[in-house]
Amino acid sequence: MPFFGYLAMLTAMVAACYTVAVAVVGHHHQDRRLTTSAQFGTYAVFGCLSVASMVLVYLFVTDDYSVKYVQHYSDRSMPLFYKATAFWGGQDGSLLFWAWVMSIWSAVAVYVNRHRNEDLLPYTIVAMMGVTLFFTTMMIFAANPFETFLGGAPTDGRGLNPLLQNPYMVTHPPSLYLGYIGWTVPFCFAIGALVHGRLDYGWIEAMRGWCLAAWVFLTVGLVLGGLWAYEELGWGGYWAWDPVENAAFFPWLTGTAFIHSVQVQERRQMFKLWNIFLIVLTFILTLWGTMMTRSGIVQSVHAFAQSDIGNIFIVFIAFVTVVSIGLVVWRLPRLAAENRMESVLSREFVFLLNNWILVMMAFFVVFGTMFPAVYKYFFGQEVNVGPTFFNLWMRPLGLILLFLTGVGPLLPWRKATRSALLKQLTAPIAAGVASVPFFYAIGATEYWSLATFALCVLVTATIIQEFWRGTKTRMKNSQERALDALLNLMSRAKRRYGGYIVHFGMVLSFVAFAGNAYKLEDEQQVAQGEVARIGNYDVRLDRLAFADDGQKAMYTAHLTVLQAGTNTEIGKLTPAKWIYRKPEETVSSEVDKRMTLKDDLYVVLGGFDFKTQTAALQLKVNPLVNWLWIGTAVMLLGWAVASWPARRRNDGPVVRSPYWVSGMGSMFLVTLALVASVLALV
Amino acid sequence: MTTAKFPATEGRGSGDRLLLFAEAVVGLLVVAALVTKNYGAAPTILFLLCALALGYTAWVGTRMLSSLRDPTLAVTGKVRDFERERLEGEKRLLLIGIKDLEADFGTGKMNQTEYDRLRSTAEARALEIIQKLRTSDEHWKRQAEALVGTRLPAGTGPTDAALPASQPVHVAQAPVAQAPAIQAPRAQLSAADAQVFDAEPVSFTRTETGLVCDACGFENEEDARFCAGCGRPRAKEAA
């Protein structure tokens, strides 16, 4: 069976080579037989990699420890669900997962565009298959997930890292990969457009939906990763500027700039060079992030083991960079803007600022992430770049971005008059300024958080104003009732109002970020019946309990949460320490928390003495943290509104958007997350 | 040198294909039963998924290779009117832009003068494109009629003719008519232009899916002020 999987990968590599060859020849000879064959070649690569992936999962599920990868990341006592998802638990399997997802996206992109962008498709296929070929070749020669033991196979496996046996770690990698790899498709379309020379809005319209899908998957992946860190790592936070976290953040920043910047090309035929630059940069950053997690360049709890494939990635990144720059230089005349910016008081200028801010943020994050590795290479000394550096730059840039989120939608294209601008900005700015004494009075005395809250009020006011004025106009023009007018307004301008909802989700996330300034932390030793106080909470240790499920020994502290200074019970918590038999007596802290909209009471069981029933409790209060998860859900809702398929028209071929792909994908992820959570609890 | 022969669909009856499919399914189920007996449900499901993937791969692989010898694809050169598609795309963007202008004006982001200027420029360009597309349609219609005329003997219908086997068709790019200069008011168009582009208002009929132009049948948005298909302005509805 392992050989069958290896054969499937080899066939995928051969099919990818064939597809690249016929696509190039077919395009140059304008031969539809060859270009059609290339399309089916893309589907065949998807089929082969699907076979290889199913075989690997089959090997995990049937406990075939003759395969090294299965033996390293599974054992007989693991639940079936985690056995299946150990597919992407290690380096080799995650590369196969990368290649498989790439082949899925490629096949769907080719199928959706097989009629309406036939001219762009050949070189787009060349680019997509080129990337797939890189990954399959690397797996075959350097990271084979089907490699077997030469001698006798072990009878049991080492087991998966307990930190990875968590529902969020089941959904976080697929979502992240779907996002990462989703950006490859627009990049490949850009390459196709550059080679073909058709650099009008057509190529952007072809893959705009992919960008939204990739963005939403990457956002969800980042947040799921934050949720995992919050639940599993026990330090009470969700983002530590860890290098591997940053690796997923770089392309998110430049991708966000791209999905805004393309609107300028759509409306004003400007920013063509910016858009090409942004999509190429986003793809290169996804490769860079993938390389960082696999090369050992950076040390991280998320990183895969150190290996030599980092050098292979660097060569590929260099190749992609050189080819992209060469194509851009060749096509520079066709990338000239067709219009000029008429005023700084215009939406175009705000988008330009937006581009600069996001690219600067990406630059600082890349710099801060790579600095320790570069410094060590040149000077031989270890240095650490921590949250202090990142927060120093990210805070002001983030606030400027938040301000632009509010002001941008209020400006028209081309030029705003001063009177119109005054009319648009007066109410939101007044609301923002008026909120400052209110927030100060309720305890938000830290300046950065105070500024954040005020800007959140300003942005929320602009969003409400936009909905209100739009509904009022529609009620007047169409004689509709308020609710009908609002729904029809959103239906007629899904992208605009869906975008506003996404912006509101961002506002809620900034509220959560601002709450970090008021965190409380303490560690207290308590005996049975004693109470520890933190903030507005008293935590009483009722008892320590022991259980064993065959896979691990579990020591659980049963706690009662009381209103501070009273005997009013408001909750129960059960933080625990789990000691796994495999891998080798690994200990994991299972945190528990009481979640409310106002704050989380977060408790970790530190040291304990089971005989004397005493425990050391690490207590934290995290204000407003749950607004981050709520904000993400609101962003998902906004994306769903913006991506809802347009109604079919009778003017020729249906411009069927691929949004349904991302819709199905998101439904799949949400379902997977729910199923994972239920199965993990059962 | 013998050429490889791939399974052809012609010559195989639907009965043969059904039998082949049934045999494959039975064989798959037998193996699946053996896997279930030894390993359980989860491996069986994966085995079936793997078999499905393998079957799909074999099918697309066959198509991939048979495309090379598919006579219906033996067409070289451009077979699509890319200029027309570019114009259709630009028209689509202009209509989106006009909607945006209306929204921005309705929410007070621009004054009346600026709105009127921008809107009339966008409308004029959209109408110019519609006119170009209409001209192109007329050209293709004449080309198609001429082609049919040369292929058919006089007095016979299409079903009587022995149509030649597929041959490579070289498609000439349709000439795009020189459009009149951009003019904001539609009333200034010349009489010659009016023959192709009629500026008379036209009524729309409400259907389940939208508003259909009575002149050309194009389906428009609820608050469209002119037909996006033929460019004629919408007639005011009786109160």
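The analysis underlying the following values was restricted to heavy atoms, covering all of them including side chains, and did not include hydrogens, waters or symmetry mates. Every chain is numbered from 1 and lettered A, B, ... according to where its sequence line falls, protein lines coming before strand lines.
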[X], part contacting chain A, at a heavy-atom distance under 4.5 Å:
X: B:Leu93; answer: side chain
X: B:Asp70; answer: backbone
X: B:Leu118; answer: side chain

Side chains of [X] and [Y]: does their closest heavy-atom pair fall under 4.5 Å?
X: A:Arg347; Y: B:Lys109; answer: yes
X: A:Tyr58; Y: B:Thr44; answer: no
X: B:Met110; Y: A:Thr417; answer: no
X: B:Ser67; Y: A:Phe40; answer: yes
X: A:Thr36; Y: B:Met64; answer: no
X: A:Tyr18; Y: B:Leu65; answer: yes

Calculate, to the nearest 0.5 Å, the distance between atoms [atom1] and [atom2] belonging to [X] and [Y] respectively.
X: A:Cys48; Y: B:Leu54; atom1: SG; atom2: CG; value: 8.5 Å
X: B:Leu49; Y: A:Met54; atom1: CG; atom2: CE; value: 5.5 Å
X: A:Arg33; Y: B:Ser66; atom1: CZ; atom2: OG; value: 12.5 Å

*Is there a donor-acceptor pair closer than 3.5 Å between any side-chain N or O of A:Gln424 and the backbone N or O of B:Thr107?*
yes
*How far apart are the closest heavy atoms of A:Thr473 and B:Gly106, and which atoms are they?*
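Result for this residue pair: OG1-O, 2.8 Å.
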*asked:* Which heavy atom of A:Ala44 sits nearest to which heavy atom of B:Thr57, and what is that distance?
replied: O-CG2, 3.9 Å
*Start with the C-alpha distance between A:Arg198 and B:Arg86, add both sets of side-chain angles, then the distance that settles side chain to side chain contact (heavy atoms under 4.5 Å, CB included), and finish with yes or no.*
CA-CA 10 Å; A:Arg198 204 183 102 193; B:Arg86 190 192 66 76; over 6 Å; no
When you check the gap from the basic side-chain N to the acidic O, do [X] and [Y] get nearer than 4.0 Å?
X: A:Arg267; Y: B:Asp100; value: yes
X: A:Arg414; Y: B:Glu114; value: no
X: A:Arg496; Y: B:Asp104; value: yes
X: A:Arg492; Y: B:Glu102; value: no

Taking side chain as everything from C-beta outward and backbone as N, CA, C, O, which of these in [X] sits under 4.5 Å from a heavy atom of chain B? Side chain, backbone, both or neither.
X: A:Ser37; result: both
X: A:Leu411; result: backbone
X: A:Trp413; result: both

_At a heavy-atom distance under 4.5 Å, which candidate from A:Lys476, A:Gln269, A:Lys472, A:Glu266 has the highest pair count against chain B?_
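It is A:Glu266.
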*Using the benzene-type ring in the case of Trp, are the ring centres of B:Tyr56 and A:Phe46 under 6.0 Å apart?*
yes
*For atom NZ of A:Lys415, is the number of surrounding heavy atoms from other residues, nucleotides or ligands below 6.0 Å larger than 12?*
no
